[in-house]
2 protein chains.
Amino acid sequence: MAHSHDVPTDLTRNQGLVLGALNHSESPLSAYDILDKLRADGLRAPLQVYRALDKLVERGLAHRLESLNAFVACADEHCHRKGLIAFAICEGCGKVDEFADSVIEERLGHWAGAKGFKVERTTMEIRGKCEACVAAA
Amino acid sequence: MAHSHDVPTDLTRNQGLVLGALNHSESPLSAYDILDKLRADGLRAPLQVYRALDKLVERGLAHRLESLNAFVACADEHCHRKGLIAFAICEGCGKVDEFADSVIEERLGHWAGAKGFKVERTTMEIRGKCEACVAAA
DNA sequence: GCGGCAAGTGTAATAACATAACATATCACG
DNA sequence: CGTGATATGTTATGTTATTACACTTGCCGC
Ligand SMILES: [Zn+2]
Ligand SMILES: [Zn+2]
Ligand SMILES: [Zn+2]
Ligand SMILES: [Zn+2]
């Protein structure tokens, strides 16, 4: 099993199924990947997955990776990560490393303050190769 | 006119048309937006646009905004921007501000070095409201 | 000039990602 | 109960991106 999060108990059936699929995956899944994994559980339409994903992302239990059009479960055990989150995505094995960096966050805040830009959401995704994949190359 | 770049002369016809469309737009354009603007010039298929965009992005003359699935012309007059580029995208008016920040770049490099992660490409996109749109709200 | 190759182009078909619209169900709460 | 808010099921559709194949163009060496 990729992760062993304690899944919140107040999720609806579909939300629970979708989060379960993400938690059991080593790498990001597209909405259609998730749908395929959950057909056995009765899901039939993309919208069922997208709706669940919307809620999960809204609650910070999952994240959307814009550069992949795919989703991952939040790596934070207690799902309380605040502020800017960055993702390092390995092109070799597909693994994603989620991290926060307060220096970067502060720096961005500084830029935004100077420009009068009101930040609502930030996407930060690094593509490359993880240590294992570099070694294997 | 939104921009007044000197367009490089060694572009092919389709590349020139696509870059022209981007340069004349105030905000990012999807590939299909571009296609619609260029039908009068004889373009008919998405692939013609995507192929041109690939080359333009490769040369740094245009950038892809992952969180919008859209493209902008590079804002740097001489198209020599190095390293990490960040984009602040206004949800109100659609305008995009392109900037570089060496502190953030260095910080990311530091993280990558510590993790043994080999960075190939970084996406950084801030969504929010620009000063004008905040004032207008 | 001409064969051969690389890069670019044209076109159709299809795949992959995402949402609109509408009907029904479920549950909290007064 | 009645009513509203939230979730669900289903079909159809819209949007973004790629595959496959045929043809053209410019260039280099012969
Ligand atoms: Zn997280
Ligand atoms: Zn890897
Ligand atoms: Zn640029
Ligand atoms: Zn604005």
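Model, not experiment: these values are computed from the prediction. Throughout, a chain's letter reflects where its sequence line sits, starting with A, and its residues are numbered from 1. Values below: all heavy atoms of this structure, side chains included; hydrogens, waters and symmetry mates excluded.
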What is the distance, rounded to the nearest whole Å, between atom [atom1] of [X] and atom [atom2] of [N]?
X       : N      : atom1 : atom2 : value
A/Arg13 : C/dA25 : CZ    : P     : 17 Å
A/Arg64 : C/dT19 : CZ    : C1'   : 13 Å
B/Asp33 : D/dT16 : CG    : P     : 7 Å
A/Leu68 : C/dA18 : CG    : C1'   : 16 Å
B/Leu29 : D/dT15 : CG    : P     : 15 Å
B/Leu56 : C/dG8  : CG    : C1'   : 13 Å
B/Ile34 : D/dT15 : CD1   : C1'   : 14 Å
B/Leu11 : C/dT9  : CG    : C1'   : 16 Å

Nucleotide of [options] approaching [X] most closely (side-chain heavy atoms):
X       : options                : result
B/Lys55 : D/dA7, D/dG9, C/dG8    : C/dG8
B/Thr12 : C/dT9, C/dA18, D/dA7   : C/dT9
A/Tyr32 : D/dT8, D/dT16, C/dC17  : C/dC17
A/Gln48 : D/dT10, C/dT19, D/dT18 : D/dT10

Residues A/Cys130, A/Asp97; criterion side-chain contact (heavy atoms from CB on, under 4.5 Å); working and verdict: CA-CA 9 Å; A/Cys130 75; A/Asp97 199 332; over 6 Å; no
Hey, is A/Glu91 close enough to A/Arg127 for a salt bridge, meaning N to O under 4.0 Å?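 So A/Glu91 pairs with A/Arg127 through a salt bridge.
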What I want to find out is whether A/Glu66 reaches A/Arg64 closely enough, with some N-O distance under 4.0 Å, to be called a salt bridge.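 Yes, A/Glu66 and A/Arg64 are salt-bridged.
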Give the ring-plane orientation class for A/Tyr50 versus A/Tyr32, where under 30° counts as parallel, over 60° as perpendicular and anything between as tilted.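 Geometry flag for A/Tyr32 against A/Tyr50: perpendicular rings.
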If a protein heavy atom is under 4.0 Å from the base, mark B; if only from the sugar-phosphate, S; if neither, -; do that for nucleotides 19-28 of chain D going 5' to 3'. BB--------
B/Ala45 near the nucleic acid: base, sugar-phosphate alone, or nothing, with a heavy-atom cut-off under 4.0 Å?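 B/Ala45: base contact, heavy atoms under 4.0 Å.
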Which of these passes side-chain contact (heavy atoms from CB on, under 4.5 Å) with A/Ile126: B/Thr123, B/Leu108, B/Leu84?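 Checked B/Thr123, B/Leu108, B/Leu84 against A/Ile126; only one passes side-chain contact (heavy atoms from CB on, under 4.5 Å): B/Leu108.
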Decide yes or no on side-chain contact (heavy atoms from CB on, under 4.5 Å) for B/Leu19 and B/Arg59, but give the supporting numbers first. CA-CA 12 Å; B/Leu19 184 54; B/Arg59 292 184 53 174; over 6 Å; no
Below 4.0 Å: OP1/OP2 of [N] and any side-chain N or O of [X]:
X       : N      : result
A/Asn14 : D/dG9  : yes
B/Arg44 : C/dT11 : yes
B/Asn69 : D/dT15 : no

Ring of A/Tyr50 versus six-membered ring of C/dT19: centres under 5.5 Å and planes under 30°?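 Ring-base stacking flag not set for A/Tyr50 and C/dT19.
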How far apart are the closest heavy atoms of B/Ile34 and B/Leu29, and which atoms are they?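 Where B/Ile34 meets B/Leu29 most closely, the heavy atoms are CG1-CB, 3.7 Å.
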Position toward the 5' end of DNA chain D (nearest nucleotide), A/Leu43 or B/Ala31: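 Per heavy-atom nearest nucleotide, the more 5' residue is A/Leu43.
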Could you please spell out the steps behind the side-chain contact (heavy atoms from CB on, under 4.5 Å) verdict for A/Leu61 and A/Leu11? CA-CA 11 Å; A/Leu61 299 172; A/Leu11 296 175; 4.0 Å; yes
